[in-house]
Amino acid sequence: LGQPDRPAPDMPVLARIQVDEASLAPPPAGEVLEPSTLVHGQGELRIRTRSKSAWTLLFLMIEITLAVLLFVYGQLRALMRSVLERQPFLPENSLRVRRVGLIVIGWSLIVPVLQLLVGVAMVDEVAVRGLILEPPWNFRLETLFLGLAILVLAEVFVQASELQADQSLTV
């Protein structure tokens with residue numbers, strides 16, 4: 001990354017893209033032109049950069065993603081193990097399902113912020129005449145609702161484990 005004789009590696013960046021065709025052509029004398037929205041979109045760009053802050057944020061985002069996925073995998077694995085042992089309604093399982101729900105809710109709130117920070121770090125480094133880049137804000141409401149639905153399922157597990165405990169005490 002820090003060697004000046006080698007080209008900087010490409011970094012994938014999510015960005016909203018808008019071509020400002022007015023700035024591509026010379027404006028008429030004394031006239032101020034507004035940016036055009038004829039060409040716009042959103043996609044992934046590959047930008048060559050040596051920005052240490054952008055690379056640090058990108059690697060931090062990747063590490064957080066990996067840690068979260070490993071944690072959720074561990075919770076789901078333990079849950080599946082108890083289901084295969086025919087003991088799905090243990091109190092620990094409701095706690096596991098609740099943890100997964102909280103992780104999904106946290107994920108829906110944290111990931112858009114991290115993507116925005118990486119996008120801001122990258123977009124600040126790029127200046128192309130006629131191209132307007134904005135970092136994306138990709139908050140997904142359905143992911144938040146999925147986390148809430150998982151929390152409801154965790155409460156169902158709590159009640160089911162209480163019913164199973166009552167049933168096991170019945171003679």
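Numbering of residues begins at 1 and proceeds along the displayed sequence. Everything numeric in this text was worked out from a predicted model, so none of it was measured.
By the criterion of side-chain heavy atoms lying less than 4.5 angstrom apart, applied directly or through intervening Ile, Leu, Val, Met, Phe, Trp or Tyr residues, M80 is not grouped with F89; the two fall into different hydrophobic clusters. Under a hydrophobic-cluster definition in which Ile, Leu, Val, Met, Phe, Trp and Tyr are linked whenever side-chain heavy atoms come within less than 4.5 Å, directly or via other members, L102 and V111 are assigned to the same cluster. When the side chains of ILVMFWY residues are joined at heavy-atom separations under 4.5 Å, either directly or via intervening members, V72 and L69 end up in two distinct hydrophobic clusters. Transitive grouping of hydrophobic side chains (ILVMFWY, heavy atoms separated by less than 4.5 Å) brings I103 and L141 into a common cluster. I150 and L109 fall within a single hydrophobic cluster, where Ile, Leu, Val, Met, Phe, Trp and Tyr side chains are chained together by heavy-atom contacts under 4.5 Å.
F157 is not listed as a side-chain neighbour of L95, based on a closest heavy-atom distance of 4.5 Å or more. Counting heavy atoms from C-beta on, the side chains of Q75 and L79 never come closer than 4.5 Å.
I64 meets the side-chain contact (heavy atoms from CB on, under 4.5 Å) test with L60, V68, L114; sequence neighbours excluded.
Closest heavy-atom contact between S161 and P91: CB-N, 4.1 Å. Of all the heavy atoms in S108 and R140, the pair that sits closest is CB-O, 4.4 Å. Taking each heavy atom of R98 and L151 in turn, the nearest pair found is O-CD2, 3.6 Å. Smallest separation of non-hydrogen atoms from T143 and V104: O-CG1, 3.4 Å. Considering every non-hydrogen atom in both I105 and L144, the closest pair reads CG2-CD1, 3.7 Å. For N93 against Q87, the heavy-atom pair with the smallest separation is ND2-O, 3.5 Å.
Distance check: L153 CG to L146 CG gives 10.5 Å after rounding to the nearest 0.5 Å. With rounding to the nearest 0.5 angstrom, the OG atom of S94 is 8.0 Å from the CD atom of E92.
Annotation for F139: atom CZ counts as buried by contact number, over 12 foreign heavy atoms lying within 6.0 Å.
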